Number of protein chains: 2
Amino acid sequence: MFVEFGFHATPTSKIAKEAGVANGTLFHYYKTKDELIFALYAHTKSHLTEYMYANASKDESLELVFKSIYTNTIEWAQENKPEFYFIQQFSTSPFYGLISHEEITKQAKPHLDFLQDGIKAAVIKPMPVDLLYTLINSHIAGINQYLSSQEFSTDKQKKIINESFQLLWDMIT
Amino acid sequence: MFVEFGFHATPTSKIAKEAGVANGTLFHYYKTKDELIFALYAHTKSHLTEYMYANASKDESLELVFKSIYTNTIEWAQENKPEFYFIQQFSTSPFYGLISHEEITKQAKPHLDFLQDGIKAAVIKPMPVDLLYTLINSHIAGINQYLSSQEFSTDKQKKIINESFQLLWDMIT
DNA sequence: ACAATGATTGACTAATCAGTCTACAAATAT
DNA sequence: ATATTTGTAGACTGATTAGTCAATCATTGT
């Protein structure tokens, strides 16, 4: 509903109704509407992170692990479009600025470590990991936007993902 | 104010006050608050577009023209952070979905044409221009996010822009 | 069996908001 | 000079909203 109508155009009364509970119940679990929004963001973000690292055996080469994470992320986004869109909407909203810097770095830590390993192993080009991370995230956001902009067959979609991965991989290695 | 507080947390009364006019005056020029928001988006977007193509002499090589557009865009974004942030906020909000598809393609047309020329000239890799366009936009959004995340000296900033341009250029050519 | 705590309800409220309306002022046209 | 249109003002309204509250209901521990 936040994605469809926006944060403030989605009243708590409708959220409660959609959830099948009374108005008061909602405020029993979340002191304020903002708290609910933050909780939803954290919840959604952790779902994505969990899915990203699924099937990531540490035996594979760094490229294969990275490709697995890349593919997983896009797959999750395509199968959970509202959730992914919500993350983006939240990230570019004033709400995002209210999250503590600490929380954000904590969230990004595992990803940054992974990239740092890649640099240390002389696989990934030496550059600030923050920059690298941002570039990768933006790239993935772009691919998702493209994949959502029109209807592709599953095969065509896989082809796009493979090719765009190669572009990204060549760029950072 | 939209960037700072969000769309609905910015009442028309405060907009009018900030603009130094009475409440009624605002609604004399914009029938609804939404109309004002759309107008602000169109206004801001056209400012950016104008700046992007500044100093773009058609005599230069395609790479130099592209680099000029690239640099201009990032410069504008860094010098007009709230405006750039507003465009991003708007683009990932439910408002964006209310803009006609026609309007969007019309807006992107010159950029797509430019990229198409690059492909025809065998400078840019052959791929769907939509995809190319999205990748470039995402890349630029990422760089801006990175540049805004910490304070860089002007020299350092220029260095980052140059290096990241090279990454992008190598990726698409 | 009986406390005690936690969960659920929905009517209620105080505040806020987008948009209206009437009156007046300024500018422009005749 | 007068008439007509356009711009400005700000008090006002009806609707909506986040959040409260007092009263039940359910669950758990003893």
Side-chain angles (χ1 to χ4, degrees), chain A residues 1-47 82-101 103-104, chain B residues 1-47 80-101 103-104:
Chain A
M1 285 165 82
F2 288 141
V3 167
E4 190 173 356
F5 306 115
F7 291 111
H8 291 77
T10 304
T12 53
S13 57
K14 288 210 183 89
I15 296 172
K17 195 170 283 178
E18 183 74 15
V21 298
N23 218 304
T25 309
L26 191 151
F27 284 95
H28 179 73
Y29 287 95
Y30 304 98
K31 273 196 279 288
T32 63
K33 186 184 178 182
D34 281 12
E35 194 176 306
L36 180 145
I37 292 172
F38 285 119
L40 180 60
Y41 174 71
H43 176 83
T44 310
K45 196 77 192 273
S46 77
H47 261 229
E83 284 83 354
F84 188 76
Y85 196 79
F86 173 75
I87 291 176
Q88 286 194 271
Q89 184 185 6
F90 183 93
S91 303
T92 60
S93 79
F95 287 114
Y96 191 72
L98 301 177
I99 297 182
S100 72
H101 206 283
E103 191 116 9
I104 293 170
Chain B
M1 288 165 79
F2 288 141
V3 167
E4 191 174 354
F5 306 115
F7 292 112
H8 291 79
T10 305
T12 52
S13 56
K14 290 211 182 87
I15 297 172
K17 195 170 282 177
E18 183 74 15
V21 298
N23 218 306
T25 309
L26 191 152
F27 283 95
H28 178 73
Y29 287 94
Y30 304 97
K31 273 197 280 286
T32 64
K33 186 184 179 182
D34 280 13
E35 193 176 307
L36 180 146
I37 292 173
F38 285 120
L40 180 60
Y41 175 72
H43 176 82
T44 311
K45 195 78 193 269
S46 77
H47 262 228
N80 303 275
K81 281 182 191 175
E83 285 82 355
F84 188 74
Y85 196 79
F86 174 76
I87 291 176
Q88 284 193 274
Q89 184 184 8
F90 183 93
S91 302
T92 60
S93 79
F95 286 114
Y96 191 72
L98 300 176
I99 298 182
S100 71
H101 206 284
E103 192 116 6
I104 295 170

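Computed over heavy atoms, backbone and side chain alike; hydrogens, waters and symmetry mates excluded. In this text the structure is predicted, and so the values were computed from the model without any measurement.
For the ring pair (Phe, Tyr, Trp, His ring centres under 6.0 Å) test, residues two or more places apart in sequence or in another chain that qualify with B:His43 are B:His47. Under the ring pair (Phe, Tyr, Trp, His ring centres under 6.0 Å) criterion, A:Tyr41 pairs with A:Phe90, not counting sequence neighbours. Here B:Glu103 pairs with B:Ile99, B:Ser100 under the side chain to side chain contact (heavy atoms under 4.5 Å, CB included) rule; sequence neighbours left out. When the ring pair (Phe, Tyr, Trp, His ring centres under 6.0 Å) test is applied to B:His28, no partner is found at least two apart in sequence or on another chain. Not a single ring pair (Phe, Tyr, Trp, His ring centres under 6.0 Å) links B:Tyr85 to another residue, sequence neighbours left out. Contacts of B:Thr92 classified as side chain to side chain donor-acceptor pair (under 3.5 Å), with partners at least two apart in sequence or in another chain: A:Thr92.
Boundaries of the chain A contact region on DNA chain C are C:dA7 to C:dG10, first to last in 5' to 3' order (nucleotide atom under 4.0 Å from a heavy atom).
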Treating primed atoms plus P, OP1 and OP2 as sugar-phosphate and everything else as base, which nucleotides of nucleotides 6-20 of chain D get B, S or - for protein heavy atoms under 4.0 Å? -BBBB------SBBB
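Pairs engaging residues 11-20 of chain A under the side-chain hydrogen bond (donor to acceptor under 3.5 Å, both in side chains) rule: none recorded [sequence neighbours left out].
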